[in-house]
There are 4 protein chains.
Amino acid sequence: MMKKSYAKLEPRTQRGMKTKQKLLDAAEIVFGEKGFHQASIVDITQQAKVSMGTFYTYFESKEDIFRELVMSMQKNMRKAIKIGTQGITDRIELEREGFRIFFQFLQKHRYLYRLFRQAEFVDVELHRSYFETFSRGYISGLQDSMEKGEIRAYNPELLAYCFMGIMDYVGMKWVLWEQQEVTDEFIDELVCFIKNGIGKP
Amino acid sequence: MMKKSYAKLEPRTQRGMKTKQKLLDAAEIVFGEKGFHQASIVDITQQAKVSMGTFYTYFESKEDIFRELVMSMQKNMRKAIKIGTQGITDRIELEREGFRIFFQFLQKHRYLYRLFRQAEFVDVELHRSYFETFSRGYISGLQDSMEKGEIRAYNPELLAYCFMGIMDYVGMKWVLWEQQEVTDEFIDELVCFIKNGIGKP
Amino acid sequence: MMKKSYAKLEPRTQRGMKTKQKLLDAAEIVFGEKGFHQASIVDITQQAKVSMGTFYTYFESKEDIFRELVMSMQKNMRKAIKIGTQGITDRIELEREGFRIFFQFLQKHRYLYRLFRQAEFVDVELHRSYFETFSRGYISGLQDSMEKGEIRAYNPELLAYCFMGIMDYVGMKWVLWEQQEVTDEFIDELVCFIKNGIGKP
Amino acid sequence: MMKKSYAKLEPRTQRGMKTKQKLLDAAEIVFGEKGFHQASIVDITQQAKVSMGTFYTYFESKEDIFRELVMSMQKNMRKAIKIGTQGITDRIELEREGFRIFFQFLQKHRYLYRLFRQAEFVDVELHRSYFETFSRGYISGLQDSMEKGEIRAYNPELLAYCFMGIMDYVGMKWVLWEQQEVTDEFIDELVCFIKNGIGKP
DNA sequence: CATGAATGAGGCTTCATTCAT
DNA sequence: GATGAATGAAGCCTCATTCAT
């Protein structure tokens with residue numbers, strides 16, 4: 001399926017490192033704008049202002065750079081959330097802050113969204129593993145809170161996927177489409193729903 | 001530039017109608033399994049057991065059949081939900097039944113999910129219009145219920161997108177990935193969360 | 001190269017005759033407007049308002065109808081010139097009238113020009129035979145006139161091809177492109193050149 | 001819709017330049033022999049002994065290379081005539097030399113003829129512009145000669161098109177079909193006709 | 001390390017022709 | 001005679017990848 005003669009190279013020089021980063025940055029823009037399948041390697045190398053051959057010095061294939069890109073963004077995002085929510089003990093506040101950081105991250109990396117969504121059609125494993133990794137932390141956090149009696153008891157996995165679905169759709173609608181700044185009031189209302197549901201008290 | 005002489009045809013005979021349907025059925029499977037970009041016209045015509053040329057008797061392009069397919073599935077799904085929830089007045093029960101029908105539909109049309117998600121990368125307009133159409137009905141329904149005081153008052157648009165996100169992610173996880181039958185108990189728990197939230201009473 | 005299962009049919013009924021003529025008329029328009037290679041059988045059958053299958057009742061192939069069309073137009077043109085110049089004995093007057101009739105014919109059959117020119121790229125034989133037939137008569141006529149001492153003596157073949165080239169280019173420029181009516185004065189000037197040349201007396 | 005990423009390239013290296021020229025040379029032969037519509041890209045690349053993909057490194061389409069080819073031949077031909085007739089002041093001699101060079105050029109580029117004729121069915125604009133450019137120079141030259149009283153006064157445009165028609169048809173008949181060497185005697189006779197016409201003195 | 005010309009498999013699309021009704 | 005659905009060979013074009021410089 002996938003031939004290769006040059007092994008993927010980890011850059012050994014400063015210059016090489018820079019070139020590789022230029023390619024990754026270019027890929028983020030190109031894949032984000034055109035989509036993985038519509039984008040071509042030339043699009044990326046032109047955007048990065050390097051020649052076609054250079055691409056294959058650092059990446060094995062189109063799939064390869066996509067994978068590396070998506071994985072690094074996932075890592076960054078998880079890290080941002082982790083750091084931003086450090087020290088918050090109250091579950092509700094933690095969710096509130098998590099949402100805020102997620103939407104902020106989305107605003108900064110406008111293409112992240114399309115990148116993640118496409119992963120499903122480029123590399124199923126990549127897509128699944130993202131959800132598994134992300135949900136794992138989420139689930140165990142929720143479970144803790146439930147055991148401590150902080151929040152109502154539900155199937156924590158179900159809850160995690162509900163929250164992720166909400167983040168996804170709200171992010172899509174308001175950050176990606178409407179390009180509105182997601183205000184604190186907006187997030188407050190969202191958290192209010194999560195906390196209280198739609199049922200009358 | 002010059003008008004096409006082999007225009008896309010609406011079939012004029014019974015036989016033609018059948019052939020077109022065979023192609024649509026084949027496309028559902030092929031697009032669902034391989035994804036739009038990985039699938040080729042030949043994949044579809046082989047699955048439908050017709051020759052390649054026949055495809056172009058009824059469709060203008062790969063995009064064309066995809067669009068027709070997605071639009072017809074959207075219509076069917078909305079219709080199924082509409083019919084299934086007719087006569088239900090209680091909002092919570094309506095949501096419960098809506099979820100049930102949605103998951104059922106998903107189980108029957110295993111590929112619907114992937115089809116819808118891909119629309120974003122095939123035809124942005126198609127994707128947007130789906131969300132707009134679907135959410136419009138949802139929003140106005142929620143607004144009614146709020147005005148009647150049946151449920152808590154939130155931004156109905158926000159609520160609609162939350163619900164849609166939940167349906168999407170829960171469907172993805174349990175119907176698509178786990179391939180579990182979504183039991184009534186499962187839906188009850190889901191609805192319980194929507195009704196009461198995670199906050200302690 | 002050319003398969004066939006149905007032999008070309010000479011229509012046996014009035015209805016058949018009409019259908020065949022409709023196809024020929026349609027072909028004149030379609031080939032004339034789009035050109036042989038750009039035109040499709042469907043273009044012709046649609047223009048003729050008959051079904052695709054009907055075409056093959058009367059013609060063996062696309063080349064076949066083109067050939068029949070071109071040959072019949074050639075015949076008509078030659079006939080028109082022959083009849084129109086009957087009885088003219090003076091060579092110069094004969095040329096004058098020949099030009100007039102040719103341009104008139106061109107005006108009536110706007111597509112004839114493109115049809116003839118394309119013949120070269122559809123069926124070399126057809127093209128050659130047209131020139132041979134047309135020039136044969138021309139040459140022998142010129143030869144007669146020379147022998148009678150009516151006109152200067154030249155290689156009659158050379159003269160014939162010069163005249164044909166003139167007709168072709170003048171027709172192209174003024175009838176086809178400019179769509180001007182070719183006046184008698186215009187033809188007179190043309191004949192004057194042919195008679196006297198560009199040299200000062 | 002989406003800008004092409006593999007844009008047609010002007011070759012940046014010597015090697016590239018050579019390859020492009022090989023393709024142009026091959027196209028001259030292939031288009032000349034088979035005709036534009038009967039020729040395929042593969043025919044051209046095989047003749048040029050390069051791979052199919054290479055074609056698209058330098059040309060956008062079959063039309064594109066045809067256009068470039070025809071335009072460059074036109075330029076060369078006009079240049080050859082211009083250079084060859086430089087310094088000739090006598091109009092009749094100028095025509096004589098013009099004819100000679102034209103037929104010589106035709107003999108060298110046997111396919112030029114078919115190439116030019118086909119232009120009409122490939123790119124109408126190209127065809128027209130050729131005639132306009134070519135005739136423009138011709139017309140103004142004739143006009144000058146008339147004003148100087150060197151030759152009889154006619155509509156110079158008419159005369160130019162007559163001469164072009166003669167060149168075309170004589171070239172077709174004797175260079176292309178008969179493949180005879182066009183002798184000086186032959187041209188002398190031609191020029192004699194142009195000078196003196198067919199009328200008796 | 002960087003370059004960009006060359007490759008060719010793979011996919012889309014057209015349309016002349018056939019044939020069952 | 002007429003119909004139009006079905007066929008599939010043939011051609012255009014793209015672009016991921018290789019490799020000589």
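This structure is a prediction, so every number in the text was calculated from the model and none was measured. Letters go in sequence order (proteins before strands), and every chain restarts at 1.
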B:H37 NE2 - E:dC12 P separation (whole Å): 10 Å
Separation of the P atoms in F:dT21 and E:dC1, to the nearest angstrom: 23 Å
Distance, rounded to the nearest Å, where B:F59 contributes CZ and E:dC12 contributes C1': 16 Å
Between P of F:dG4 and CD of B:Q14, the distance in whole Å: 15 Å
Short side-chain N/O contact to E:dA2 OP1/OP2 from A:Y58, under 4.0 Å: yes
Gap between atoms NZ and C1', on B:K20 and F:dA6 respectively (whole Å): 16 Å
Between C:F116 and C:Y130, ring centroids under 6.0 Å: yes
Of C:L24, C:I44, C:T54, the residue whose pairing with C:F59 passes side chain to side chain contact (heavy atoms under 4.5 Å, CB included): C:L24
From CD (B:E68) to CD (B:E60), nearest 0.5 Å: 10.5 Å
Protein-nucleotide distance (B:D64, atom CG; E:dC12, atom P), rounded to Å: 14 Å
C:I44 CD1 - E:dC15 P separation (whole Å): 12 Å
Pair assignment for E:dA9, Watson-Crick or G-U wobble, requiring both distances under 3.5 Å: F:dT14
OP1 or OP2 of E:dT17 under 4.0 Å from side-chain N/O of C:Y56: yes
From CG (D:D123) to CE (D:M71), nearest 0.5 Å: 9.5 Å
Where B:G35 and B:R114 come nearest, the two heavy atoms and their spacing: N-NH2, 3.9 Å
Between E:dC12 (P) and B:I65 (CD1): distance, integer Å: 12 Å
C:L126 side, atom CG; C:R67 side, atom CZ - distance, nearest 0.5 Å: 7.0 Å
B:T13 vs F:dT3: side-chain N/O to OP1/OP2 distance below 4.0 Å: no
E:dA2 phosphate, OP1 or OP2, under 4.0 Å from A:R15 side-chain N/O: yes
Strictly under 3.5 Å: I want the nitrogen or oxygen pairs between protein and nucleotides 8-11 of chain E, one per line.
residue: E:dG8; atom: N7; partner: D:G53; partner atom: N; Å: 3.1

Separation of atom CG in A:L23 from atom C1' in E:dT3, rounded to whole Å: 13 Å
Ring-ring centroid check A:F66 A:F31, cutoff 6.0 Å: yes
5′-ward residue of the pair C:K49/B:F55 relative to DNA chain F: C:K49
Partner nucleotide of E:dA20 by Watson-Crick or wobble geometry (both distances under 3.5 Å): F:dT3
